[in-house]
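Okay, structure first, notes after.
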Amino acid sequence: MLNLVSSIRENYQYALDQIASAARKSSLDPEQVRLVVVTKSQPLEVIQAAIEAGVHILGENYPEEAVTKIEALAGQTGVEWHMIGHVQSRKARLVADHFALLHSLDSLKLAKRLDRFAAEAGHVLPVLLQFNVGGEASKAGWEASDESHWDALLPDVSSILDLPNLRVQGLMTMPPLGTDPEDSRRYFQRLRQLRDRFTSQFPQADWHELSMGTSADYPVAVEEGATLVRVGTAIVGGRNYSHPG
Ligand SMILES: *Cc1c(COP(=O)(O)O)cnc(C)c1O
C-alpha cells in the first residue's frame, strides 16, 4: 500500500509538472487546468491510494462500477467524481444522482433524461458535450469532424441549453489513438474551434471547459487549451480489461 501511494504520488506530481510546463509554453495559466485521474477498472485499493497520494478528481467510465466505489468511499472528503464514459439511457439516473460533472453527454435524448432525473433529485447537473472530431465510426459524441456540418449541431445544442436542470460548461473529445502525441493536436484544435463557434452562437452560455487529453497526449492537449485532462494509466498503472460493459 505504501509503495502504491508513493508511486502514484510520484506519477501524479510528474503529470502536474508536465501540465504546468505545457501551459506555460502556450502562455496559459496552469491553475486553469484540472487533472482528472481515471480509475475505471481499478480496484478500491488503488483509488484509496490515489486519494492518499493527493488526487482530488476521479474519473470513471461505467456508472454501476463507479457508484459501488463512490458508496464504498463515501466517508472521504474533498473528492470529486466525474463520469467520462458513454452513458446508456437506462443508467441516466445513476449519473444524475452521483457525479459532480458528466464529461460525455452525447445525445439530446440522454440530456432530456438526465434533466428529468436531476430535477427529481432537486439539483442541477453540470455537463460537457462530447464531440467526435476524428470521424471514427466507433467513437461516441456528435459527429463534428467536418466543419461544414457544424451548423447541423446547433438545434441539439440549443435544446440542451434550454434544459433547466443541466448546466453546460464546455466540450469534450476523445480523438483517434495515434502513434505520436502530436497526431492528436489537430483534433484538439478542432474542438477548440468548435467551442469558439458555440461561444459566438450562444454567448449567454458557459463554454469555458475543454476536456481533452489522456496519458497518450495530455501535454499537447494543455498546449491547445485543455482545462480538464483525463489521465489513467500514466498515473495509476495498467487496467484489467475484463469489464462486462
Ligand atoms: C480510459 C479513458 C481515459 C484515460 O486513458 P489513459 O490512456 O488510461 O490515460 C480518458 N478518457 C476516457 C474517455 C477514457 O475512457
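Computed from a predicted model, the values in this text were never measured in an experiment.
A distance-only check finds a donor-acceptor pair linking the side chain of Ser159 to the backbone of Pro155 [under 3.5 Å]. Side-chain atoms of His103 never come within 3.5 Å of backbone atoms of Leu228 as a donor-acceptor pair (strictly under, hydrogens ignored). For the pair Ser89 (side chain) and Leu110 (backbone), a donor-acceptor distance under 3.5 Å is absent. Distance alone, capped at 3.5 Å, places no donor-acceptor pair between the Asp151 side chain and the Leu153 backbone.
Proximity of Gln169 to Leu101: side-chain heavy atoms (C-beta onward) are separated by under 4.5 Å at one or more points. No side-chain heavy atom of Leu94 sits under 4.5 Å from any side-chain heavy atom of Val87. Side-chain atoms of Pro164 and Asp115, non-hydrogen and from C-beta on, do get closer than 4.5 Å to each other. No side-chain heavy atom of Phe99 sits under 4.5 Å from any side-chain heavy atom of His82. A heavy-atom distance below 4.5 Å is not found between the side chains of Gln130 and Leu105. Using a 4.5 Å heavy-atom cutoff, the side chains of Val220 and Glu182 are in contact. Using a 4.5 Å cut-off on side-chain heavy atoms (C-beta onward), Val124 and Leu166 make no contact. Side-chain contact check for Leu35 versus Ile57: every heavy-atom pair is 4.5 Å or farther apart.
Rounded to the nearest 0.5 angstrom, His98 NE2 and Leu125 CG are separated by 12.5 Å. If you take OH on Tyr218 and CZ on Phe188, they are separated by 12.5 Å, rounding to the nearest 0.5 Å. With rounding to the nearest 0.5 Å, the separation of CH2 in Trp142 from CG in Leu171 is 9.5 Å. The CH2 atom of Trp207 lies 10.5 Å from the OG atom of Ser200; values are rounded to the nearest 0.5 Å. Interatomic distance, NZ of Lys139 versus CD of Glu136, reported as 3.5 Å (0.5 Å rounding). Of the inter-residue distances, the one linking Ser211 atom OG with Leu102 atom CG reads 10.0 Å to the nearest 0.5 angstrom.
Under 3.5 Å, the side chains of Glu223 and Ser26 contain no donor-acceptor pair of N or O atoms. Looking at Glu147 and His149, their side chains never bring a donor and an acceptor atom within 3.5 Å of each other. Arg34 and Thr227 share no side-chain donor-acceptor pair at under 3.5 Å. A donor and an acceptor atom, one from each side chain of Ser104 and Asp106, are nowhere located under 3.5 Å apart. Using modelled atom types, one finds a donor on one side chain and an acceptor on the other under 3.5 Å when comparing Asp17 with Gln13. Between Ser145 and Glu143, the side chains place a donor N or O and an acceptor N or O closer than 3.5 Å (distance only, hydrogens not considered). Side-chain contact annotation: Thr39 with Glu60, donor-acceptor N/O pair under 3.5 Å present.
Looking at every heavy atom in both residues, Glu209 comes nearest to Leu128 through CB-CD2, 3.7 Å. Taking all atoms of both residues into account, the shortest heavy-atom contact from Val231 to Thr214 is CG2-C, 4.3 Å. Heavy atoms only, all atoms of each residue included: Asp217 and Gly213 are closest at OD1-CA, 3.3 Å. Minimum interatomic distance between Gly134 and Tyr187 (heavy atoms only, all atoms of both residues): CA-CE2, 3.6 Å. The two residues Ala216 and Leu177 have their closest heavy-atom pair at CB-CD1, 4.2 Å. Here the closest heavy-atom approach between residue Ala205 and residue Leu161 is recorded as CB-CD2, 3.7 Å.
The hydrophobic clustering, which links ILVMFWY residues whose side-chain heavy atoms are closer than 4.5 Å, places Trp81 and Met172 apart. Val36 and Leu58 end up in different hydrophobic clusters when Ile, Leu, Val, Met, Phe, Trp and Tyr side chains are linked at under 4.5 Å. Residues Val95 and Leu108 share a single hydrophobic cluster, defined by chaining ILVMFWY side chains whose heavy atoms lie under 4.5 Å apart. Note on Val38 and Val67: separate hydrophobic clusters, where clusters join Ile, Leu, Val, Met, Phe, Trp and Tyr whose side-chain heavy atoms are under 4.5 Å apart, directly or indirectly. Note on Ile84: it does not cluster hydrophobically with Leu129, by side-chain heavy-atom contacts below 4.5 Å among ILVMFWY residues.
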* Asked: Are Phe202 and Val168 close enough, and set up right, to give a side chain to side chain contact (heavy atoms under 4.5 Å, CB included), and what steps lead you there?
  -> CA-CA 11 Å; Phe202 305 106; Val168 174; over 6 Å; no
* To do: Could you check Arg93 against Arg116 for side chain to side chain contact (heavy atoms under 4.5 Å, CB included), going step by step and ending with a plain yes or no?
  => CA-CA 9 Å; Arg93 189 191 291 277; Arg116 177 153 60 84; 5.6 Å; no
* Asked: Which is it for Arg9 and Tyr12 under the side chain to side chain contact (heavy atoms under 4.5 Å, CB included) test, yes or no, and what are the steps along the way?
  -> CA-CA 5 Å; Arg9 182 180 286 125; Tyr12 183 59; 5.7 Å; no
* Derivation of the side chain to side chain contact (heavy atoms under 4.5 Å, CB included) call for Leu210 and Arg195 -> CA-CA 8 Å; Leu210 284 177; Arg195 187 266 297 274; 3.4 Å; yes
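The salt bridge (charged side-chain N to carboxylate O under 4.0 Å, His left out) test with Glu224 is passed by exactly one of Lys25, Arg190, Arg192: Arg192.
A salt bridge is defined here as a Lys NZ or Arg NE, NH1 or NH2 lying under 4.0 Å from an Asp or Glu carboxylate O, and Glu65 with Lys40 fails to meet this definition.
In Leu16, the CG atom is crowded: over 12 heavy atoms of neighbouring residues, nucleotides or ligands sit closer than 6.0 Å. Glu10 CD: 12 or fewer foreign heavy atoms inside a 6.0 Å radius.
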